[in-house]
Amino acid sequence: MLRWILGGREAQGTVEKSAALFIGEEQPKNCFTEMQVLKGHFDIVRFLVQIDDLRFASAGDDGLVLIWNVETGDCLFALRGHTQQITAMTSYTFIRGGTAHTALITASSDRTLSLWDPDSGNRVQNISDLQSSVKCLLVLAHLDVWLSGGNELCVWNRDLELRCKMVHHSDAGISAMVELPKNFIAAAMDKEIVIFKLNLSGSDIAVMAMRHLADHHDTIRSLIHINDGLFASGSHIGELIIWDSVDWTIQAYEHILWEEPARDSQSEFKLNHQKQIERSIQHMSSDGEYIVAAVGSGLYVYNVLMKSVVAYRRTAHDSNILHTMLQQDSLMSCSEDGSVRMWELQDLPLPAEPASSGFFGMFGTFGRSSKQTGPPAKKIPEVPGLRSLELIGDLIGHSGAVQMFLSFKDKGLVTCSTDQLLIVWKDGELQSQLRSLAVFQKLEENQGL
Amino acid sequence: MIGSPDVVAFTKEDDFGDSFSDPCSLPEEFSVPLFAHAANANPWTKTSYAKFSKDFILISEFSEQVGPQPLLTIPNDPKVCGTFDLNYFSLRIMSVDYQASFVGHPPGSNYPRLNFVEDSKVVLGDSKEGAFAYVHHLTLYDLEARGFVRPFCMAYISADERKIMHQFQELSSEFSKASEFLKSGNRKAFANELEKKLKDLEYTRSVLHKEAELQKMNNGCYSPQAIEKANELANMEKSIYEHKDLLRQITSYPSRKKKDVNFVQRETEKLADTSVLDDTPNSNPSDIADKTVETESDIRKSSYTPQLIKGKSAKCFDKRLKTMEELCDASFFHQTLEQLNIIEKSLRGDLCFIYTSQIDRALVGKQKVTSFLFEAEREWENEVPLKNFSISSNNPTVPILNLTGEPLSLESYTSCIDIDHMKPGVESIEGPPEFSLSDITQESSEAADTETKGSFSSDKSIEAFGGVSPSSLQANYFDGLDRKSKVSIASPSESASSSAAVPQRMTDGNLVLMDAACCIGQDGFIFEEPLPELAQECCGDTVVNREPLSLLQGDPALQMDYILEESALAESPNMGLTFSELNTGVLSEEVAKINIEDVSDSTSFMSASTSSDRAVSPFIYGSALTLKQKKKAGHSALRFIRQYPFAQQAIFCLLSGRTLVILGVDEGTVRKLVSALLFFVPNLGKYGETVQPWLSSPFQLTDLQRWKLIGLQRAASPAGSSILHSLNRYSRYISILDCDSKTLRCPPYKGTLISRLADHRTQIKRGSTYFLHVQGMLTQLTARAFLYTFCHHIHLPMDINDQGSVTSRRTNFLLQLGYTVEESKIVQYLSELIKQHYIQGSSKGGNQSFCFNYTTSYLYKI
């Protein structure tokens with residue numbers, strides 16, 4: 001049995017915790033030196049959806065949907081209508097009359113679906129006779145339809161008219177969906193990924209389940225689109241599978257183990273005797289080449305082209321990571337510990353030796369076929385691109401778990417939290433310059449002071 | 001910001017003149033007239049021989065029954081007047097009365113005519129009493145008075161002659177306002193009175209008519225009784241006609257006014273503004289008052305039962321004269337008192353103080369962009385028009401001296417007659433339109449002067465000597481008019497001098513259009529025939545029996561009203577002007593008290609009062625600041641600096657916008673430290689909104705946005721632990737000053753700026769001195785921040801992708817100014833505040849951003 005332990009030196013495990021994760025107050029690379037607290041919600045804020053360059057919507061357990069302007073921090077509209085918590089929210093851009101319109105779709109535990117117009121704050125449509133609450137939403141822009149997933153899979157057109165409905169009888173409904181090429185949909189249902197096909201014959205749409213992929217051993221927690229050829233899924237016990245989007249075969253299989261290393265124990269043994277360390281893949285994000293997976297309180301960066309791990313950090317936060325974002329060489333994560341951390345992928349001075357220790361077990365990379373025949377007898381020779389994940393800054397402001405964040409690039413970063421607040425983090429230097437410009441503009445308008 | 005009063009107070013006698021002799025030190029228009037210090041070394045000693053402690057306003061009447069008598073003083077405090085003989089002085093000021101009160105049957109006219117005379121404004125002095133007065137004469141109409149007129153005067157009495165002279169324009173315009181309130185209220189009341197009288201007369205006539213008919217029936221046409229009745233009836237008819245004519249005259253007042261040339265040009269504006277005012281419902285308090293009064297009078301009218309009156313009026317000594325409040329409508333009377341109180345409060349203190357505070361106000365008014373940072377937020381900056389100041393600066397500062405060419409010596413007691421009013425007599429009323437104010441020349445004023453001189457030349461101590469420049473008077477006159485009629489249109493000079501969008505006098509509740517409103521609505525009654533119905537026999541007069549002097553003793557109800565109004569005034573923030581002046585008034589009153597009480601701190605009166613006006617902030621959350629608190633703050637700041645070696649770091653935190661938390665067990669200690677550090681907080685706010693002196697619950701993130709200085713309770717309870725948790729959580733945004741262990745955890749500071757601001761070896765002994773020192777330094781800092789904010793070339797990018805160079809240009813600019821990295825942060829923070837304030841205006845609404853830095857904190861110990 002092959003075992004590959006990265007930096008398996010126990011001694012540094014503690015060092016990492018104390019030294020590397022305490023960044024201190026000196027953060028020269030952290031440009032967020034201005035914050036604006038947005039108040040408006042009365043319960044946990046769970047979702048943030050960008051509407052356009054300036055606006056975003058926030059929603060949470062109070063059933064309230066608020067639309068904000070990220071530059072001024074003004075609350076533009078409060079969309080009221082849902083009586084229970086919001087379970088899913090997405091924006092939906094379509095062309096009507098030559099101009100692009102953006103609508104907002106929200107789903108709630110009160111088994112309603114609503115279509116909102118963020119320009120007027122009006123509820124355009126409302127569906128209230130659903131049999132179950134919707135857990136996820138997926139917009140298929142090229143078909144001009146969108147799907148809602150729960151215990152049933154429904155296809156809707158832009159006017160919220162039901163085009164097709166498929167009821168399936170498993171207890172666990174659809175928790176996540178991704179779009180695949182050729183009108184296929186991958187949906188995560190408990191431990192399985194189900195491939196649906198949308199048949200379009202004229203104006204009719206029919207949904208058909210094509211295949212059940214049952215390779216995960218536990219509940220699938222996240223399902224993401226990587227690029228046109230690949231998608232990925234992560235499970236509750238740290239299984240990360242990369243799938244081919246066209247023929248739905250396994251391209252890579254990683255089992256991420258965060259437990260303490262035991263030199264002589266085998267991985268199966270470890271699997272059975274794992275400690276109570278959370279290693280559920282809560283969230284994944286990708287830029288098409290890399291995947292960053294939030295595994296418990298750790299971060300794991302994987303290169304899908306090289307099919308190799310790029311960097312990892314076993315305890316990136318004090319508590320479970322809830323959301324991640326990957327941007328070029330930097331990534332961000334937010335956690336239940338109430339902080340947002342910014343990381344940078346840095347090349348190691350010595351490629352063979354990771355700068356920081358930490359440990360994760362890894363079964364290796366498997367093809368689908370090889371898995372059926374057993375683990376490959378091939379040892380990964382080297383990890384050429386292994387880099388370190390260095391903490392370059394953290395944002396502390398929320399007093400509860402940070403549920404999600406949304407980046408507006410230069411305009412700032414919005415975080416939402418269990419403490420019912422939203423915070424817009426901005427680049428203070430940039431904002432100061434913008435204010436200067438505004439001052440001179442006003443001076444010109446007023447013809448002097 | 002340090003204005004001139006502060007500087008004056010802290011210069012010694014020797015260098016007093018020298019420090020101001022430099023012509024480059026101040027622009028010409030801001031220079032303060034120097035005290036003639038040859039004879040009298042101490043500028044404040046000359047008040048000593050006056051028999052009253054401070055200036056006051058006296059209202060007197062020339063009663064037809066008892067002669068000149070004082071009615072009331074403002075402030076209504078017997079201590080103010082001291083041993084000053086009010087009766088004697090009333091005699092004095094009433095003896096200067098002008099000749100315009102002639103009413104009655106003018107030659108060539110069959111009916112009595114009302115004279116709508118202008119008020120006269122006179123300055124006179126009395127050597128024996130050491131009193132100088134600005135005297136404002138006016139006449140009020142009273143149906144029962146001789147000739148229907150009651151002469152009154154309002155006098156501003158001061159021991160300082162120069163004060164009266166310098167403030168003449170201000171006094172004149174403000175007293176004109178007060179007089180206008182009185183007169184319009186009086187016209188209204190007089191019209192009401194006339195109506196009642198008419199009803200009585202008409203009722204009496206009908207009764208007489210019936211009796212005459214009866215007599216004719218009984219005794220025949222030519223019986224003596226019948227003739228007597230017919231005569232009586234004819235008298236009654238004549239009386240009715242006269243009264244109708246009077247009513248017509250009083251109600252036609254506004255239109256007659258407008259015939260005057262001076263009013264023609266304003267007419268259109270006035271009309272436009274009337275409609276504007278009418279459109280805004282209930283916006284004007286006095287409008288409401290008017291309405292209520294009118295409805296009241298409607299009720300009265302409808303319920304008024306005519307009484308039988310005798311043909312001949314009672315002898316003048318039998319009847320009781322109406323009080324001033326009865327003469328004028330009550331609401332107008334109270335408005336007048338309010339106005340007089342405002343005058344009294346705005347003119348408290350020494351002339352030098354008033355003058356420099358005017359300059360200071362004008363200067364601060366020009367610095368709205370930055371003054372919010374460390375100045376007291378004075379809302380009246382918007383309200384007090386700069387034109388007051390610009391008028392006085394354009395004109396020669398002592399206009400009277402220039403006109404007469406005579407030196408103004410302290411020994412000469414002068415009275416300056418102003419013929420702002422029309423010539424007495426009929427011709428003035430129907431006078432030719434070209435007889436306008438601007439036509440009054442030096443000669444005519446002197447001619448009038450000699451005329452008036454005759455009336456009191458018997459008294460050697462009073463001597464009239466010159467007129468006030470007519471142009472300045474006219475300016476005043478128009479000024480008053482402007483304020484009255486023009487509510488929203490800015491005069492060109494005003495808009496020029498205050499370029500940065502100054503709100504115009506929109507909220508000025510005192511300025512009412514009362515002329516037109518007061519008598520309209522009663523026209524309908526003039527020719528209305530009374531219903532010939534019989535009423536019960538009713539004896540007595542319609543006037544309530546009351547002592548005419550009751551006001552001097554003080555009507556408790558009235559006083560209560562007045563106090564209530566005053567407090568309401570102080571509470572309402574949009575009463576801009578009045579509020580501020582009340583505020584400064586309160587301060588200087590406080591000064592006086594402190595000076596009496598505080599023997600240990602006994603310096604000159606002025607040195608204390610100079611610092612009083614520059615209020616930095618209130619020290620109690622949400623309340624106004626008093627001098628005592630501020631002095632104490634300066635004192636405790638001094639103690640803090642001497643006691644704690646890390647005071648500079650703490651001050652650096654405050655100036656750079658990093659919230660400073662003062663943690664301690666004892667509330668008193670914490671509060672003391674908070675108030676010691678208070679005036680270092682930029683943008684403190686009018687009520688000290690950015691400071692929380694004592695907090696016993698954990699603070700939130702949003703609190704850091706709001707408060708820049710927090711006093712926090714250290715407690716052992718669970719709440720205490722959550723407080724400590726929040727301190728720990730937000731430690732990167734705050735600095736913590738631990739009172740109990742005397743430690744400070746904050747970023748380091750390097751530089752010399754704050755060591756000058758807070759030198760623990762400072763030689764400054766007094767709290768107020770230190771406070772002013774700090775204000776001076778902060779003003780300098782603010783000026784730098786202003787420079788930094790409004791330098792184009794360091795903020796504007798050269799091209800689109802030029803962000804980096806802007807950053808480096810900014811940094812280099814601050815380094816060139818000689819600031820260290822830490823001091824640059826201070827300037828940058830102030831600059832951000834200036835920008836936000838400039839962009840958003842003074843309103844603090846909206847969601848403010850909160851800036852911070854990622855810097856390492858260190859622990860400082862004693």
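Convention: sequence-line order gives letters A, B, ...; per-chain numbering from 1.
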Of the backbone (N, CA, C, O) and the side chain (C-beta and beyond), which part of [X] lies under 4.5 Å from a heavy atom of chain A, both, or neither?
{"X": "B:His725", "answer": "neither"}
{"X": "B:Ser831", "answer": "neither"}
{"X": "B:Phe790", "answer": "both"}
{"X": "B:Phe786", "answer": "side chain"}
{"X": "B:Tyr730", "answer": "side chain"}
{"X": "B:Ser726", "answer": "neither"}

B:Arg732 (side chain) donor-acceptor with A:Glu26 (main chain) under 3.5 angstrom
no

B:Tyr733 side chain to A:Ile396 main-chain N or O, any donor-acceptor pair under 3.5 Å?
yes

Side chains of [X] and [Y] in contact at under 4.5 Å (non-hydrogen atoms):
{"X": "B:His795", "Y": "A:Gln433", "result": "no"}
{"X": "A:Met35", "Y": "B:Phe852", "result": "yes"}
{"X": "B:Glu832", "Y": "A:Ser432", "result": "yes"}
{"X": "A:Lys442", "Y": "B:Tyr838", "result": "yes"}
{"X": "A:Val37", "Y": "B:Phe850", "result": "no"}

In terms of heavy-atom pairs under 4.5 Å, which option from A:Gly428, A:Pro28, A:Gly397 contacts chain B the most?
A:Gly397

Nearest atoms (heavy-atom pairs only) where [X] meets [Y]:
{"X": "B:Arg729", "Y": "A:Ser339", "value": "NH2-N, 4.4 Å"}
{"X": "A:Phe440", "Y": "B:Leu796", "value": "CD1-CD2, 3.7 Å"}
{"X": "B:Ile839", "Y": "A:Arg435", "value": "CD1-O, 3.6 Å"}
{"X": "A:Ser436", "Y": "B:Lys835", "value": "OG-NZ, 2.8 Å"}

Mind checking which of residues 414-425 of chain A sit less than 4.5 Å from chain B, heavy atom to heavy atom?
A:Ile423, A:Trp425

More than 12 foreign heavy atoms under 6.0 Å from CG of A:Asp53: is that the case here?
no

Are more than 12 heavy atoms from other residues, nucleotides or ligands located less than 6.0 Å from atom CD of A:Glu445?
yes

Under 3.5 Å side-chain donor-acceptor pair for B:Ser849 and A:Lys426:
no

